[in-house]
Amino acid sequence: GETGRVAQVIDGDSLRLTSGLVVRLAEIDAPREQPGDPYGAQATAALRALAAGKTVQLRYGGLRRDKRGRALAQVFIPGAQPVWLQREMLARGLARVHTWPDNRAEAQTLLNAEATARSARRGRIW
């Protein structure tokens, strides 16, 4: 898949690359920022801390673009120990697994990360 630098974290499961490409983190759903609900802001802040300004690699396991033209990808920060953003957000309890029939290649691994967060009562998902 493509690589690019993160220019903006839009919310807890979406970001924009410097190329202008908007990327939706496939197979997860994070809470939206809403007045009186701290979890959306926490999810956005966590993704910002993980990814803002960093180079990311996109990997595809199904549909590559949604109807809005966003890339639907597994997103990794390369390195000696790559950071898989979806798994990290789930492990922190700041997102839930959300699959679609045409994009669920990593569902079991992600469900395991969500289950671990639930058991530890992290974030909002439990």
Salt bridge (Lys or Arg N to Asp or Glu O under 4.0 Å): pairs with one or both residues in residues 44-61, sequence neighbours excluded: none
Inter- and intrachain pairs under salt bridge (Lys or Arg N to Asp or Glu O under 4.0 Å), touching residues 80-90, at least two apart: Glu88-Arg92
Polar side chain donor-acceptor pair, Gln74 to Gln86, under 3.5 angstrom: yes
Looking just at side-chain N and O atoms, do Asp11 and Ser14 make a donor-acceptor pair shorter than 3.5 Å? yes
Could you work out, with side chain to side chain donor-acceptor pair (under 3.5 Å) as the rule, every residue matching Thr55, not counting sequence neighbours? Arg5
Looking at every heavy atom in both [X] and [Y], which two are closest together, and how far apart are they?
X: Trp84; Y: Thr109; value: CZ3-CG2, 3.5 Å
X: Ala51; Y: Ile77; value: CA-CD1, 4.2 Å
X: Ala46; Y: Met89; value: CB-SD, 4.1 Å
X: Arg32; Y: Asp29; value: NH2-OD1, 3.8 Å

Sub-3.5 Å donor-acceptor pair from the side chain of Arg118 to the main-chain atoms of Arg122, do we have one? no
Can you confirm whether Thr3 sits close enough to Leu58 that some side-chain heavy atom of one is under 4.5 Å from a side-chain heavy atom of the other? no
Check step by step if side chain to side chain contact (heavy atoms under 4.5 Å, CB included) holds for Glu2 and Leu21. CA-CA 10 Å; Glu2 298 113 312; Leu21 179 65; 4.0 Å; yes
